[in-house]
Amino acid sequence: MPAKKLGQPLFGRVALIGIGLIGSSLSHAMRRGGLAGTIVGHARTAATRSSSVRLALVDTVYETPAEAADAADLVILCAPVGACGALAEAIGPVLKRGAILTDVGSVKAAIVRDCGPHVPEGVHFIPGHPIAGTEQSGPSAGFATLFDGRWCLLTPVPGSDAAAIEKLKTFWEALGSKVDLMTPEHHDMVLAITSHLPHLIAYNVVNTAAHLERVTDSEVIKFSAGGFRDFTRIAASDPTMWRDVFLNNKEAVLEMLGRFTEDLSALQRAIRFGDGETLFKLFSDAREIRRGVLQAGQDTAAPDFGRHAGATEKA
Ligand code: NAP
């Protein structure tokens with residue numbers, strides 16, 4: 001789906017607070033679409049700040065988040081979820097009346113809880129989450145097409161201004177995304193099963209295999225088959241980001257983990273009792289789900305899971 005074209009920048013000054021995979025991809029996509037007059041940024045370390053200038057991701061980079069957010073028309077928090085509350089507290093006092101404050105965090109209710117209290121009156125706070133990413137991180141990992149054809153979920157809070165929501169929706173469409181609106185709680189429940197649980201399982205499978213290799217001196221990793229390789233790719237994701245996801249979406253993940261464990265026990269039982277009929281039925285049902293995912297345009301049918309394209313459904 002081609003990005004929605006706009007005739008002129010939507011925002012004068014855009015501040016990226018955090019310039020890693022998502023922040024740098026936002027910069028590339030904004031530049032591609034001519035969506036911002038000026039892009040400024042803040043990152044925690046001097047190394048990331050200097051890379052962001054060298055890669056022309058930002059016109060100016062600042063040592064403090066408040067300097068970057070000062071006078072910005074759109075401020076996007078692009079740091080790990082656990083860091084966003086303190087960042088909102090730091091920038092709250094300088095946020096311009098009428099500005100939009102949003103974020104890209106993979107959990108939404110915790111963002112509302114941690115950032116909401118620091119948003120001054122007259123500033124439009126509209127949390128968001130692009131369902132697009134890769135297992136890479138840092139300022140050089142980003143690319144302009146990351147959001148093309150991917151969903152971005154906006155989770156407005158009660159009282160959010162309709163015109164500001166519409167403007168942010170237009171922004172994400174111009175970045176290439178499809179946009180949907182939902183409550184933060186609904187978002188967290190849906191993502192717990194579609195993204196957070198799969199990551200947890202990948203981390204666990206990879207660590208179990210690595211442990212087996214150590215204790216049995218077997219060659220699990222050398223001869224790893226396709227399924228395991230895909231798990232290792234998912235498990236290569238940033239540990240800070242994923243630690244924060246699980247710490248901040250605890251209830252929904254525990255709920256999904258409970259359901260998953262029950263269903264896994266049913267599979268275990270079918271294997272133990274040689275119940276091929278049950279196994280065949282469950283695997284056939286799952287295959288139908290994959291067809292649905294392809295029909296919804298959420299993945300390609302390529303046998304390598306479309307990995308060559310770089311962009312994968314994550315987070
Ligand atoms: P990333 O590549 O690791 O970049 C994180 C950025 O945040 C870096 O610029 C880092 O600065 C900065 N940062 C980290 N801790 C900070 C702190 N305490 N204070 C200020 N800045 C801090 O991460 P990312 O993949 O872009 O993820 C950013 C956000 O997007 C996360 O909330 C994540 O949940 C969400 N998200 C990620 C994906 C994905 O697939 N990766 C997809 C959708 C949404 P330094 O480099 O200087 O440390």
Side-chain angles (χ1 to χ4, degrees), residues 15-29 39-55 57-58 61-69 75-91 102-112 114-115 127-143 146-148 150-155 172 175-177 184 187-188 190-192 194-196 198-199 202 233-249 253 307 310-315:
L16 299 171
I17 311 296
I19 316 170
L21 168 71
I22 301 294
S24 61
S25 295
L26 279 169
S27 169
H28 289 299
I39 304 175
V40 301
H42 157 75
R44 185 177 47 167
T45 62
T48 299
R49 290 197 294 273
S50 91
S51 299
S52 69
V53 171
R54 183 175 41 82
L55 297 166
L57 299 170
V58 292
V61 73
Y62 296 95
E63 272 187 42
T64 68
E67 288 170 289
V75 178
I76 313 176
L77 302 177
C78 307
V81 170
C84 287
L87 290 169
E89 186 175 10
I91 65 175
T102 188
D103 77 301
V104 294
S106 307
V107 178
K108 296 279 51 96
I111 289 287
V112 173
D114 296 347
C115 300
H129 176 204
I131 316 289
T134 75
E135 62 278 17
Q136 312 291 334
S137 43
S140 53
F143 50 100
L146 178 65
F147 308 111
D148 285 354
R150 301 293 175 197
W151 283 103
C152 178
L153 304 177
L154 300 181
T155 64
W172 276 104
L175 291 169
S177 289
H187 167 279
D188 289 354
V190 171
L191 270 290
T194 57
S195 170
H196 305 170
H199 275 81
R233 181 178 58 78
I234 296 171
S237 302
D238 186 63
T240 304
M241 169 188 156
W242 283 97
R243 177 203 62 196
D244 284 7
V245 166
F246 292 111
L247 290 179
N248 287 285
N249 197 20
V253 169
R307 273 174 293 177
T312 50
E313 243 354 82
K314 290 203 69 192

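Atoms within each ligand, like the ligands themselves, are counted from 1 in listed order. Predicted model, so just to flag it, every value in this text is computed and none were measured.
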* To do: For Cys115, enumerate each residue passing the side chain to side chain contact (heavy atoms under 4.5 Å, CB included) test, keeping only those at least two apart in sequence or located in another chain.
  =>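 Cys115: side chain to side chain contact (heavy atoms under 4.5 Å, CB included) contacts with Leu77, Cys84, Ala88, Ile111, Phe125.
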
* Heavy atom under 4.0 Å from ligand 1: found in Ser106's side chain, backbone, both, or neither? ->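 The answer is both, backbone and side chain.
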
* Asked: Considering only heavy atoms, does Met241 approach ligand 1 within less than 4.0 Å through its side chain, its backbone, both, or neither?
  ->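 Met241 to ligand 1: side-chain contact only, backbone stays beyond 4.0 Å.
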
Side chain [X], main chain [Y], donor-acceptor under 3.5 Å:
| X | Y | result |
| --- | --- | --- |
| Asp188 | Val107 | no |
| Asp103 | Gly128 | yes |
| Asn248 | Ala110 | no |
| Thr155 | Pro184 | no |
| Arg49 | Ala43 | yes |
| His42 | Tyr62 | yes |
| Asp244 | Gly82 | yes |

Do any nitrogen or oxygen atoms of [X] come within less than 3.5 Å of a nitrogen or oxygen of ligand 1?
| X | value |
| --- | --- |
| Leu87 | no |
| Thr48 | yes |
| Gly138 | yes |
| His129 | no |
| Ser137 | no |

So if I count the atoms of ligand 1 from 1 in the order they appear, which ones are less than 4.0 Å from some heavy atom of [X]?
| X | result |
| --- | --- |
| Ile19 | 6 (C), 8 (C), 9 (O) |
| Pro130 | 43 (C) |
| Val104 | 29 (C), 30 (O), 35 (C), 36 (N), 44 (C) |
| Val81 | 32 (O) |

* To do: Decide whether the shortest distance between a heavy atom of Thr134 and an atom of ligand 1 is less than 4.0 Å.
  =>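 Contact present.
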
For [atom], which candidate among [options] provides the closest heavy atom?
| atom | options | answer |
| --- | --- | --- |
| atom 5 (C) of ligand 1 | Pro65, Cys78, Gly18 | Cys78 |
| atom 29 (C) of ligand 1 | Ser51, Ala79, Ala43, Pro239 | Ala79 |
| atom 17 (C) of ligand 1 | Gly133, Ala83, Cys152, Ala132 | Ala83 |

* **Residues which pass side-chain hydrogen bond (donor to acceptor under 3.5 Å, both in side chains) with Ser137, listed by chain and number, not counting sequence neighbours** =>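 Residues passing side-chain hydrogen bond (donor to acceptor under 3.5 Å, both in side chains) with Ser137: none at all.
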
* To do: Name the orientation class of the two ring planes belonging to Trp242 and His199 (parallel below 30°, tilted from 30 to 60°, perpendicular beyond 60°).
  =>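 If you compare the ring of Trp242 with that of His199, the planes turn out parallel.
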
